[in-house]
Amino acid sequence: MRVSVKNEAELEEFMSRPSARLVDYVAGLDGDIAIVGAAGKIGVTLAMMASRAVKAARTAKKVYAVSRFSDPSARERIEKEGVTAIACDLLDQDAVAKLPKAANVLFLAGRKFGTQGAQDLTWATNTLAPANVARRYSKSRIVAYSTGCVYDFTSAVSGGSVERDPPEATGEYAQSTLGRERVFEYYSRAFGTKVCQFRLNYAIDLRYGVLRDIADKVYAGLPVDLSSPSYNCIWQGDVLERTILSLALCDSPPVILNISGPETASVRWTAGEFALRFGKPAVFKGEERPEARTYLNNAAKSFKIFGYPTVSLLEMIDMTAEWIASGGSSLGKPTHFEVTDGKY
Ligand SMILES: NC(=O)c1ccc[n+]([C@@H]2O[C@H](COP(=O)([O-])OP(=O)(O)OC[C@H]3O[C@@H](n4cnc5c(N)ncnc54)[C@H](OP(=O)(O)O)[C@@H]3O)[C@@H](O)[C@H]2O)c1
């Protein structure tokens with residue numbers, strides 16, 4: 001597949017285009033869909049895909065997007081797609097209790113960056129907000145976003161962390177996301193709520209993501225850090241489709257599902273691919289240690305369920321390079337995938 005997107009509208013259109021199997025799934029899904037924590041990097045395009053799938057399935061289902069909408073443009077973009085935006089602070093228990101009924105909840109709210117120095121707010125966002133939502137939606141199915149950072153660091157030769165590995169969260173961000181999982185698990189056991197813990201490692205948009213981080217460095221002639229020598233990533237459009245399809249997997253006690261792409265990709269190789277496309281040399285700092293341990297997410301179970309992602313790594317690299325070379329926008333939000341002390 002060769003995809004070329006020229007601007008943000010085309011990018012979001014491509015990313016949020018629902019597949020035929022998603023439209024079929026949504027056609028048979030009972031109840032409305034609420035996307036909670038919808039104004040962030042993933043939620044906006046997820047709301048768009050859900051709404052487009054509902055329209056294509058010709059169902060009367062409502063799609064709600066719940067967030068504070070700190071960024072008002074997020075609200076405008078999803079309302080254009082027919083999504084009903086609801087401004088709500090998820091830490092306000094009374095406000096959450098009044099949210100509309102929805103049999104299907106996709107939970108994305110979270111806090112990562114800025115944790116150092118405001119650990120309390122990260123813990124509140126990552127555990128109290130889930131508690132409020134789990135209580136409000138105790139009769140719903142909930143796909144609860146989580147992260148591969150709940151696992152311990154691991155080496156590339158291990159093949160990456162799998163769902164049965166015990167969590168070993170480093171640092172307060174990762175610990176609080178494990179707290180988020182435990183809160184959903186607690187309410188799932190208490191109320192019988194069906195939940196899927198959706199452990200994602202690195203969605204790729206062209207405006208942010210691991211590839212954008214590496215490409216920006218190469219483009220600017222800055223050194224690429226090799227201390228975390230490998231990573232996994234997946235096209236965000238594939239993440240969105242897998243999110244909605246995961247409603248079918250929800251169970252009590254919760255099901256855990258790793259979500260990423262199939263490669264354990266080398267940072268050096270990736271920088272080299274960008275260097276070729278930009279016609280500039282890649283510069284590095286540090287060196288790969290074979291025993292280096294980082295976050296690596298083995299998503300084999302998800303491929304058995306959903307198949308491989310539709311956009312390949314080299315396609316993502318081509319698109320990212322083209323986007324940067326033509327001055328494409330950035331969210332200015334690096335992933336900090338190279339961090340291994342758990343401090344964000
Ligand atoms: N992006 C990735 O590659 C990645 C990788 C691993 C895990 N994840 C997980 O996936 C989830 C979604 O990722 P993302 O990148 O879209 O995160 P994000 O950009 O941080 O978006 C989360 C959104 O949640 C909303 N929110 C936070 N606190 C809230 C509150 N008190 N009340 C209402 N809304 C609140 C915020 O929007 P408002 O300010 O408008 O409320 C925010 O934009 C995160 O929880 C993260 O743990 C993402």
Side-chain angles (χ1 to χ4, degrees), residues 15 34-48 64-78 85-93 95-96 99 106-115 118 120-133 136 143-151 161 169 173-181 183-184 197-213 231-240 242-243 246 257-261 295-297 299 316 331-337 339 344:
M15 193 179 282
I35 296 152
V36 179
K41 300 186 293 299
I42 296 178
V44 170
T45 49
L46 179 60
M48 288 174 172
Y64 299 108
V66 181
S67 236
R68 292 164 305 187
F69 295 101
S70 320
D71 166 16
S73 89
R75 181 173 197 140
E76 280 164 33
R77 276 144 61 220
I78 56 174
I86 302 173
C88 174
D89 183 348
L90 300 172
L91 293 175
D92 178 342
Q93 201 175 329
V96 174
L99 288 174
L106 311 173
F107 182 91
L108 287 88
R111 186 168 188 276
K112 178 176 185 181
F113 300 112
T115 293
D120 55 332
L121 180 56
T122 293
W123 277 97
T125 306
N126 292 343
T127 62
L128 297 181
N132 292 339
V133 171
R136 164 63 189 96
V143 176
Y145 267 57
S146 184
T147 161
C149 301
V150 299
Y151 295 115
S161 300
Y173 161 68
Q175 289 160 2
S176 69
T177 58
L178 179 58
R180 172 170 62 189
E181 286 198 9
V183 166
F184 278 118
Q197 314 272 25
F198 194 84
R199 290 183 179 163
L200 172 65
N201 271 101
Y202 307 126
I204 298 298
D205 188 303
L206 304 181
R207 298 163 294 189
Y208 84 98
V210 179
L211 295 181
R212 178 76 202 222
D213 297 346
Y231 66 93
N232 318 110
C233 68
I234 174 169
W235 177 244
Q236 186 159 303
D238 285 305
V239 176
L240 308 178
R242 279 152 210 250
T243 306
S246 292
L257 188 64
N258 284 355
I259 294 288
S260 198
Y295 288 127
L296 289 173
N297 182 329
M316 292 187 267
L331 294 181
K333 293 181 177 168
T335 57
H336 297 293
F337 74 95
V339 166
Y344 296 96

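Just follow the structure's listing: the first ligand is 1, and inside any ligand the first atom is 1. Position 1 is the first residue of the sequence, and the numbers go up from there.
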Test item: Arg180 side-chain N/O and Ala109 main-chain N/O as donor-acceptor pair under 3.5 Å:
yes
Would you mind running through ligand 1 and noting each atom that sits below 4.0 Å from a heavy atom of Cys88?
32 (N), 33 (C)
Mind listing the closest non-hydrogen atom pair of Ala65 and Ile78 along with its distance?
CB-CD1, 3.3 Å
Atom 45 (O) of ligand 1: of Lys41, Gln236, Arg180, the nearest heavy atom sits on Arg180
With side chain to side chain donor-acceptor pair (under 3.5 Å) as the test, pick out the partner of Tyr151 among Asn297, Asn201, Asn258.
Asn258
What distance do Ile204 atom CD1 and Asn232 atom CG have between them, rounded to the nearest 0.5 Å?
10.5 Å
Return yes or no for this condition: an N or O of Asp71 is under 3.5 Å from an N or O of ligand 1.
no
Numbering the atoms of ligand 1 from 1, which are under 4.0 Å from a heavy atom of Ala39?
37 (O), 40 (O), 43 (O)
Top protein contact for atom 16 (O) of ligand 1, by heavy-atom distance
Ile42 N, 2.9 Å
Among all protein heavy atoms, pick out the one at the shortest distance from atom 43 (O) of ligand 1; state its residue, atom name and that distance to 0.1 Å.
Gly40 CA, 3.2 Å
Under a heavy-atom criterion of less than 4.0 Å, does Tyr208 contact ligand 1?
yes
Looking at every heavy atom in both Thr122 and Tyr173, which two are closest together, and how far apart are they?
CG2-CA, 4.4 Å
When distances are taken from atom 25 (C) of ligand 1, the protein heavy atom at minimum range is Ser67 OG, 3.7 Å
Using a 4.5 Å cut-off on heavy atoms from C-beta on, say whether the side chain of Asp71 contacts that of Arg77.
yes
For atom 31 (N) of ligand 1, what is the closest protein heavy atom, and at what distance to 0.1 Å?
Asp89 OD1, 3.0 Å
Taking 4.0 angstrom as the limit and counting only heavy atoms of Ala109, give me the atoms of ligand 1 inside it, by number and element.
24 (O), 45 (O)
Just need the protein heavy atom nearest to atom 28 (N) of ligand 1, so name the residue and atom and give the distance.
Arg68 NH2, 3.3 Å
Taking every non-hydrogen atom, the tightest pair across Arg75 and Ala85
NH2-O, 3.4 Å
Taking only heavy atoms of Tyr202, which atoms of ligand 1 are found under 4.0 Å from at least one of them?
3 (O), 5 (C)
Could you tell me the residue and atom name of the protein heavy atom closest to atom 39 (O) of ligand 1, and the distance to it rounded to 0.1 Å?
Ser70 OG, 2.4 Å
Can Lys112 be said to sit on top of Tyr344's aromatic six-ring, NZ or CZ under 6.0 Å from centre and within 45° of the ring axis?
yes
Search all heavy atoms of Met316 against all heavy atoms of Leu211 and return the closest pair with its distance.
CB-CD1, 3.5 Å
Considering all heavy atoms of both residues, which atom of Tyr208 and which atom of Leu331 are nearest to each other, and what is their separation?
CD2-CD1, 3.8 Å
So which of Ala38, Ser146, Ala203, Gly110 gets nearest to atom 8 (N) of ligand 1, if we judge by its closest heavy atom?
Ser146
Give the atom numbers and elements of ligand 1 that come within less than 4.0 Å of a heavy atom of Phe69.
38 (P), 40 (O), 41 (O)
How far is atom 4 (C) of ligand 1 from its nearest protein heavy atom, and which residue and atom is that?
Leu200 CD2, 3.6 Å
So, applying side chain to side chain contact (heavy atoms under 4.5 Å, CB included) with Leu128, which one of Leu91, Val183, Leu90, Val133 is it?
Leu91
Consider ligand 1: state whether an atom of it lies below 4.0 angstrom from any non-hydrogen atom of Tyr173.
yes
Around atom 10 (O) of ligand 1, find the nearest protein heavy atom and jot down its residue, atom name and distance.
Tyr145 CD2, 3.1 Å
With nothing but distance in play, are any N or O atoms of Leu108 less than 3.5 Å from an N or O of ligand 1?
yes
Give the atom numbers and elements of ligand 1 that come within less than 4.0 Å of a heavy atom of Leu90.
30 (C), 31 (N), 32 (N), 33 (C), 34 (N)
So, 4.0 Å and heavy atoms of Asn201: is ligand 1 close enough to count as a contact?
no
Ligand 1 contacted by Gly148 (non-hydrogen, < 4.0 Å):
no
Okay, side chain of Ser67, backbone of Ala38: is any donor-acceptor separation there less than 3.5 Å?
yes
With side chain to side chain donor-acceptor pair (under 3.5 Å) as the test, pick out the partner of Ser146 among Arg199, Gln197, Glu181.
Glu181
For Thr125 versus Pro130, what's the shortest heavy-atom pair and its separation?
O-CD, 3.3 Å
If you measure from each heavy atom of Thr125 to ligand 1, is any distance below 4.0 Å?
yes
